[in-house]
Amino acid sequence: KVADLKGLKQGQLRLAVITTAKYFVPRLLGSFCQLYPGIDIALQVTNHEGILERMSSNMDDLYIMSQVPEHLDVNYQPFLENPLVVIAPANHPLAMQKNISIERLADEPFIMREPGSGTRRAVQKLFDEHKVMVKVKLELGSNEAIKQAIAGGLGISILSRHTLTTESKDLTILDVENFPIQRNWYMVYLAGKQLSIVARTYFEYLLDAAKQFANQTISSSVFHADENR
Ligand code: PGA
């Protein structure tokens, strides 16, 4: 019976996720823990480089990240889109414009994530491809702090759309060519590792929850785009 099976699911789950996944994963853990009260969880939130370090010393069962490591033998599965968007204060002069050229971003003070951040790496790659040199006014190691700095008028930045919540009313997404940068969140684990029942249960739970979340956000992001124009 299902109840008996659930009772069997006991033990610890060790997760490490990139900073942008913290807007998604902890909330979901609530309902997971209600379903499986015998499972205890240790969750680490760190940047891309931090995840790679933890992974190479085999510290966790599962990892959530946006760029699958090239130099480690891993299994992975994409489960949700993670678009990177240009974020500005809601009252920014560019907020009303459409199809802003990527070169135009070079005229704006820019807020950049810290070295070791996967977001920074993806942003830098796109800028390099288009030979855009932004003026980095501020370097910050936190998505939340960057949002506050944008709202405070220090500059614009590029962050995962998942960092925007219903409280982000003083921020807007700019319509810039070549954006969003399309990325995914992946669930990753070391190839040599036999996943525990607990980890496998979580893996499947998350895939399922992501499907539902994707359906919800498709409708709410359409709503947001209209609201921002
Ligand atoms: P970060 O990870 O926190 O290292 O920027 C986000 C990402 O790689 O998408």
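All residue numbers refer to positions in the sequence shown, counting from 1. In each ligand, atom 1 is the first atom listed, and ligand 1 is the first ligand listed. Just the heavy atoms: all of them, side chains too, but no hydrogens, waters or symmetry mates, feed the values below.
By heavy-atom distance, the residue among V45, T119, L52 lying nearest atom 5 (O) of ligand 1 is T119.
Atom numbering of ligand 1 starts at 1 in the shown order; those under 4.0 Å from a heavy atom of S117 are 1 (P), 4 (O), 5 (O). Which parts of ligand 1 touch N82 is read off a 4.0 Å heavy-atom cut-off, strictly below it: atoms 9 (O). Close contacts of ligand 1 with R113, meaning ligand atoms under 4.0 Å from a residue heavy atom, involve 1 (P), 3 (O), 4 (O), 5 (O). Below 4.0 Å from some heavy atom of N47 lie the following atoms of ligand 1, by number and element: 3 (O), 4 (O).
The closest approach between any non-hydrogen atom of Q67 and ligand 1 is not below 4.0 Å.
In this model, a donor atom of one side chain and an acceptor atom of the other lie less than 3.5 Å apart for Y23 and E144. In the model, N143 has no side-chain atom that pairs as donor or acceptor with a side-chain atom of T163 under 3.5 Å. Counted by atom type alone, N47 and T19 present zero donor-acceptor pairs between their side chains at under 3.5 Å.
Contacts between R183 and ligand 1, counted as non-hydrogen atom pairs separated by less than 4.0 Å, involve the side chain only.
Here's the thing with T19: one of its N/O atoms is less than 3.5 angstrom from an N/O atom of ligand 1. The distance criterion of under 3.5 Å between nitrogen or oxygen atoms is met by S66 with respect to ligand 1. Between G118 and ligand 1, a contact under 3.5 Å exists for at least one N or O pair. On a distance-only criterion, H48 and ligand 1 share at least one N/O pair closer than 3.5 Å.
Here T46 contributes atom OG1 and I18 contributes atom CD1; the two are 10.0 Å apart, rounded to the nearest 0.5 Å.
With hydrogens and angles disregarded, a donor-acceptor distance shorter than 3.5 Å links the side chain of S157 to the backbone of I111.
Salt bridge D107/R104: present, at least one basic N to carboxylate O contact under 4.0 Å. Salt-bridge formation is not detected for the pair E81/R161: no Lys NZ or Arg NE/NH1/NH2 atom is positioned less than 4.0 Å from an Asp or Glu carboxylate oxygen.
If you look at Y186 and F79, their ring centroids are not closer than 6.0 Å.
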